[in-house]
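Below: the structure, in structure tokens.
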Amino acid sequence: MTVAPPAEDIRDTALTDALSERYLAYALSTITARSLPDARDGLKPVHRRLLYAMRQLRLDPDRGFKKCARVVGDVIGKFHPHGDQAVYDALVRLAQSFAARYPLVDGQGNFGNVDGDNAAAMRYTEARLTEVAETLLDGIDEDTVDFRDTYDGEESEPVVLPAAFPNLLANGASGIAVGMATNIPPHNAGELCDALLHLVKYPRARAAKLVEFVPGPDFPTGGVLVEPAENVVEAYATGRGGFRLRARWETEDQGRGQYRIVVTEIPYQVQKARLVERIAALVESRKLAMLADIRDESAEEVRIVLEPRSRSVDAAVLMETLYRLTDLEVRIPLNLNVLDARNTPRVMGLREALSAFLEHRLDVLVRRTRYRLGRTERRLEILQGYLIAFLDLDEVIRIIRDADDPKPTLMEKFDLSDTQAEAILNLRLRALRRLEEEGIRREHADLTEERERLRALLGDEKRRSRALSAEIRAVRERFGGKTGLGRRRTDIGQPPAAVVVPFEAMVEKEAITVICSEKGWIRAVKGHVDPNGDTRYKEGDRGRFWLHADTTDKLVLFGTNGRFYTIPCDRIPRGRGHGDPVRLMVELGTEDDIVQLVVHEPGRTLLVASSDGRAFLVGEDHVIAQTRGGKQALNVGRGVEARVCAAVPEGADSVAVVGENRKLLVFPVSELPTMTRGRGVLVQRYKDGGLSDAVAFSLAGGLPWRSGGRTRTERDLAPWSGKRAQIGRRAPKGFPRSNRFA
């Protein structure tokens with residue numbers, strides 16, 4: 001067994017130090033070499049390598065396509081040692097017209113769609129560069145940018161592209177690194193060029209001025225931007241913020257007052273299929289009562305048809321509901337976190353990002369001018385040698401024919417440089433014609449003029465600014481405009497006005513009749529009907545309460561324990577059965593009974609009383625319970641139970657109470673206190689028995705009660721009028737034997 005010798009360089013290091021150093025190196029690598037785009041060309045390394053590899057494969061816009069597998073293979077083999085699927089996904093995104101505002105790859109085949117379907121495998125799809133990508137690469141062979149060695153040292157790759165196109169803001173970017181992220185929405189290239197031209201002229205322009213040229217993002221899928229203008233200015237000034245984006249829709253008249261809503265553009269990065277499924281689920285679950293149906297009739301263009309439930313539905317209210325419940329409205333974040341020219345990540349505002357692009361283009365302009373100047377001077381040197389040779393062509397021919405080494409002889413005889421002598425020796429015989437001499441003289445004159453122009457450009461800052469502005473105008477002319485690729489697709493709309501969406505719009509409203517039996521079984525039947533006669537109950541049970549309500553209502557239940565309970569109508573079982581016990585819905589004790597069951601009316605006042613003759617007034621809004629345990633209102637002791645829960649009608653000024661001893665007392669309602677919880681005050685004294693019933697009414701209209709199926713009203717109540725807590729007098733003839741007013 002052979003044991004490997006120990007390593008020579010072994011150092012003791014704390015584990016925390018080793019981990020922190022390696023994690024920091026990983027984080028920096030993720031930030032600078034993977035996730036954040038460069039402010040100069042707006043590209044991440046994988047995108048830059050894809051475009052450069054496609055250029056090496058000569059996949060120009062006017063040439064044929066090549067398989068994406070070939071492109072991906074070259075990228076991962078030469079430049080990008082990562083997984084092929086990750087590289088292909090990046091290539092696909094560059095080709096998707098619904099993902100990139102200005103696609104950099106022209107794809108042929110299935111590259112996915114707005115529904116969220118994936119692209120075909122790379123062996124099936126083909127690609128080539130677009131004109132925008134060609135503009136990003138233009139001038140890369142003229143020493144305009146630095147190159148560095150690839151990961152294996154066998155190739156070289158550009159550090160950044162020359163980028164005559166403002167790609168960072170035009171196409172946007174998104175990425176998540178370690179401890180930081182970036183999210184840049186796409187913009188309109190024509191508007192960016194206008195802002196760049198203004199910034200060239202006024203370098204200190206503020207974001208508020210630049211927003212006049214760039215009013216907001218321009219998404220490839222269109223939509224309507226509804227963010228307030230002051231928020232847009234703040235976002236562009238700081239580099240952080242967000243934009244509210246809504247779908248574009250219109251109504252189609254169907255005649256006879258009927259209409260339908262057609263959504264023609266959906267927000268950016270929203271998958272259409274999932275959006276339709278979400279809306280359909282809301283319709284099916286009855287959470288969108290105003291919408292009857294949804295259909296996806298999309299072909300090349302988006303067309304989502306929404307059918308309202310009736311002609312009376314307001315289209316604006318329906319769409320406002322959909323904006324709140326679905327991705328027909330989204331918020332696009334702005335986090336302009338990019339790498340600057342020193343490869344340092346930082347958040348830039350709009351002016352800083354545009355200035356970084358201009359500085360890069362000025363640097364490219366200077367380097368390209370120097371490269372062209374050097375190339376021009378080298379060519380002029382050769383042409384000058386040709387002209388010298390043509391002055392004494394016979395002597396040049398004689399030296400070449402007779403001399404053993406003609407090069408030094410030519411250099412000495414005609415005072416030529418090494419480059420000039422070598423060029424003369426390489427000159428073909430056919431070039432010795434008189435016409436060639438005239439062409440050389442013309443070329444020499446043209447290049448001399450070009451050299452002076454290039455030198456003037458390098459020496460004059462104003463000339464460089466004018467040249468830069470001319471380049472930006474050319475880009476605007478090529479990719480801006482009001483039609484085609486340059487047309488603004490996202491409209492700048494006004495911030496939406498407050499639209500009140502009624503509760504009925506969120507939940508479907510349906511009329512029901514609630515039936516509660518003597519033994520506390522509750523159920524609901526469809527419609528407002530009279531359940532007397534044909535309603536069946538369990539053996540030994542019979543009806544006690546029935547009332548008309550809607551599925552959006554709440555029921556208020558008052559028990560003999562003095563507690564109020566709340567039951568939503570949509571939780572009440574429906575059908576032909578006997579229903580469910582109320583005790584399964586609320587925590588009503590087995591020894592407790594139901595005193596009253598009513599439909600909740602906000603703002604109403606209730607009169608509650610106990611069997612010992614105590615009562616008070618309570619606001620119904622204060623007794624609505626949020627739990628099954630209910631809310632205590634009337635405190636009852638041993639041997640005492642809650643007995644009355646009666647609504648106080650509007651305009652009521654009196655209270656009538658009757659005891660089990662059939663004594664009736666009428667007194668002003670003002671003598672009852674308004675409380676939320678307690679025992680209340682004494683309303684009637686009893687020698688034997690207790691309180692039977694109580695009611696609030698208007699003294700001018702008289703005291704009504706039900707007897708024998710008819711309603712009787714006693715108007716002369718003077719014999720029974722008195723003060724609270726008196727005994728009262730015996731009820732008049734004809735008063736129900738049940739001692740109940742109803």
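Every heavy atom of this structure was used, including side-chain atoms; hydrogens, water molecules and symmetry mates were not.
Contact of the Phe735 side chain with the Arg662 side chain is registered, since non-hydrogen atoms from C-beta on lie closer than 4.5 Å. Proximity of Asp530 to Trp546: side-chain heavy atoms (C-beta onward) are separated by under 4.5 Å at one or more points. At a threshold of 4.5 Å between non-hydrogen side-chain atoms, the residues Arg244 and Leu225 do not count as touching. Between Asp570 and Thr552 the shortest side-chain heavy-atom distance does not fall below 4.5 Å. For the pair Arg488 and Pro215, the minimum side-chain heavy-atom distance is below 4.5 Å. Residues Pro736 and Trp705 are in side-chain contact: their nearest non-hydrogen atoms beyond the backbone lie under 4.5 Å apart.
With Thr674 as the partner, the side chain to side chain contact (heavy atoms under 4.5 Å, CB included) test is satisfied by one option alone out of Thr605, Leu617, Val618: Leu617. A side chain to side chain contact (heavy atoms under 4.5 Å, CB included) with His600 is found for one member of Ile624, Asp553, Ile567 and no other, namely Ile624.
With rounding to the nearest 0.5 angstrom, the CG atom of Asp327 is 11.5 Å from the CG atom of Leu322.
A donor-acceptor contact closer than 3.5 angstrom links the side chains of Ser517 and Asp541. Under the 3.5 Å distance criterion, with hydrogens and angles disregarded, a donor-acceptor pair is assigned to the side chains of Ser298 and Asp296. Side chains of Asn335 and Arg240: a donor-acceptor N/O pair is present below 3.5 angstrom, by distance only. In this model, a donor atom of one side chain and an acceptor atom of the other lie less than 3.5 Å apart for Gln632 and Arg563. Under the 3.5 Å distance criterion, with hydrogens and angles disregarded, a donor-acceptor pair is assigned to the side chains of Arg706 and Thr711.
Note on Arg246 versus Glu265: no salt bridge recorded, every NZ/NE/NH1/NH2 to OD/OE distance being 4.0 Å or above. Ion pairing between Lys272 and Glu301 fails under the 4.0 Å rule for side-chain N and carboxylate O.
Smallest separation of non-hydrogen atoms from Tyr686 and Gly659: CE2-CA, 3.7 Å.
Among residues two or more places apart in sequence or in another chain, the salt bridge (charged side-chain N to carboxylate O under 4.0 Å, His left out) test is passed with Glu539 by none.
For Phe219 and Phe98, the ring centers are positioned 6.0 Å apart or more.
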